[in-house]
Structures are given as C-alpha cells and as structure tokens.
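Here's the structure, in structure tokens; my notes come after.
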Amino acid sequence: MRLSFAGSAAFVVAEFVSFFMTGSHTILMDCLFDGVDLVLIGPFLLLIPFLYKPETERHPYGYGQVESLFIVIKYGVLLTVCVTTIILNIRLILSGGHMVKAEDVASFEIIITLGCLLVYLFLRYFSNKYASEIIRSELYAWKLDIFSSLGIAAAFLLTWFLKGTKADFLIPYMDPVVAIALTLSLLVEPVRAIRRNLKELLLFSAPKEVVEEVRGIAEEELSKYSCDITFLEVIRTGRKTWIEIYINSESDLVSVKHLAMANRAIYERLRGRFDQCYIDIIPDSAADAAEAEKEDEKNGQTCHSMAAQR
C-alpha cells in the first residue's frame, strides 16, 4: 500500500504539471482519477491494523466490514468524478472542442505507461502473499492506468498524423472525445465493486454458486458422520468468509470429535477457494424442538383417539 501511495503521488504531480503545460483534458481526467485514489489511500493505511484484530463478542465479524465500507466510499467518489468528467467534456465538444499539441501528450503518456508498468510489476510481486479486496483494487487501478495511457498515446499519435489531411477538422475534438472514452471504460469496475461490497456490508449471502459449492463439500464430509444439513449460511465481509452450518443427526448423538474432524476436512477443501475462511458447525436445536413438538402432537392425538374409543 505504501508503494502504491508513493507511485500515485509521483504520477499525480507529473500529470498536474503536464496538464498546465499541454492543456489536455484527457491528462486532467487522469490526474483527477489518480488524485482521488491517492487521497483515499492515506486513510486506508490507518485502517489496515483494524483488519487483523481478532473477533470478539462485541464485534463477532471482526472489522472485515471496514474494508467493504472503504471500497464503497472509494469507488463512490471515483464514480462521481467519472460522471462529472463526462459532463464537462460533452460541454467542451458542444462548444467546438480545443487544440492541444498531440506529440507532447503522446510522449508524456508513453513515459507514464512505462512508469505505471514498473509500479504494477513491483506491487504485484510484493502482494502475492495477500488476497485483499483493496489490494486487488489497487492492482486493477494500475493495470487500467497502463492500458489507458497506451490508448491515449495511440489516439494522439493518430491525431498528429491527421494534420494536413481532409480529416484535420476532427483534431479539436480528439482530446475531449478520448477523455470521455477513457472515462466510460473506468465506469465498469466502480459500479461492480460498489454493488459487490454493499452486499458484503449489509451481510447479504454470498452468490448462489458459491453457496452451492460450499453446500456440496459440507454435505459430502458430514454424511460420513450421519449428519444432515438443515441450514447453511455463507457471508463475506471484505477478505473474510463466514460459514455457518446447522446440522441434525438421525441418532440425536453427535460426537464433538467427529464435528471437529468434519470442520477440519471442510476447511482444508475450501482453504484454496477463500482467503480467510471461518467455519462453524452447529447442532440445530430449533429443528430438534420442532421434531419434538410434532412427536408430542402425534402422541397427544393418539391418546385422544384411544380415549374416544373408550
């Protein structure tokens, strides 16, 4: 995270200086996007220690939701910046566009591409042992910077070749059009991330395919001890996944040792699927109570019938 912060700070300064030198709105959009990301990395560095605090009775899910909340805030701000940028550049197109030195913008973007690639490779190397949503979002942001900078460089090199041709009337519109196209490409990930992390923040169940995958593994392991699943819940909070499995046994006797063995077997099979997985296997007392109530009702009806016959 510190590496990402330092890299973002260096590029924001470079983009800010380049914007004043070239007047390119495409570079300004890049500067705004990276600037918002930079501002939000700082507070998250202070929140990182909370993500490793243990769960307590007061905080049964730990501080995993802090990461989800931060992702929602971060991408919400970025989404706002993207929409605002699109509106400003549409107004610029309607007013006739504006001229920039295409060769200067292309040269700057090529340099930025090489710098982003270097930071991305370092960040990916040092983050291999972590599986955090926030780190994945940082890697995604740097990857976007690489491809977007290449795209901008290619677009402005094309503009340079349009000079003196019949299509040179398009040159004033190239900068705002490229800025809008780049911004639209950046909208997809914020929308997806906000939707996904809002579900985690509100403790919604994991996607159906994930739940079914967990259920299949749990049923296979628990069937070895004659246990049936009455209810299964899979909740994700940030990098942590919480799995609660309520069970019932035909014999009404469940060995604690067997439950521990089943828990360990399920964990080993899911360990590669989730970063941090917490599994609880719980005897379903509510189901037992319901069965007992049905049995009492049945016995009561039998006694009533025998009394009526007498």
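Checked against salt bridge (charged side-chain N to carboxylate O under 4.0 Å, His left out), R215 has no partners two or more places apart in sequence or in another chain. Shown here are the side-chain contact (heavy atoms from CB on, under 4.5 Å) partners of R195, two or more places apart in sequence or in another chain: K199. E268 meets the salt bridge (charged side-chain N to carboxylate O under 4.0 Å, His left out) test with R264, R271; sequence neighbours excluded. Looking at residues two or more places apart in sequence or on another chain, you find a side-chain contact (heavy atoms from CB on, under 4.5 Å) between L117 and L121, I146. Residues forming a salt bridge (charged side-chain N to carboxylate O under 4.0 Å, His left out) with E212 (at least two apart in sequence, or on another chain): none.
Taking the side chain as every heavy atom from C-beta outward, E233 and F231 approach each other to under 4.5 Å. The shortest side-chain heavy-atom distance between L270 and I243 falls under the 4.5 Å cut-off. Taking the side chain as every heavy atom from C-beta outward, V210 and T241 never approach each other to under 4.5 Å.
The CD1 atom of I281 sits 5.0 Å away from the CD1 atom of I245 when rounded to the nearest 0.5 Å. For the atom pair I229 CD1 and E219 CD, the distance stands at 4.5 Å (nearest 0.5 Å).
In this structure, F108 is not a member of the same hydrophobic cluster as I110, with clusters built from ILVMFWY side-chain heavy atoms closer than 4.5 Å. Under the 4.5 Å side-chain contact rule for hydrophobic residues, F16 and L88 do not share a cluster.
When hydrophobic side chains of Ile, Leu, Val, Met, Phe, Trp and Tyr are connected at separations under 4.5 Å, M261 ends up clustered with Y225.
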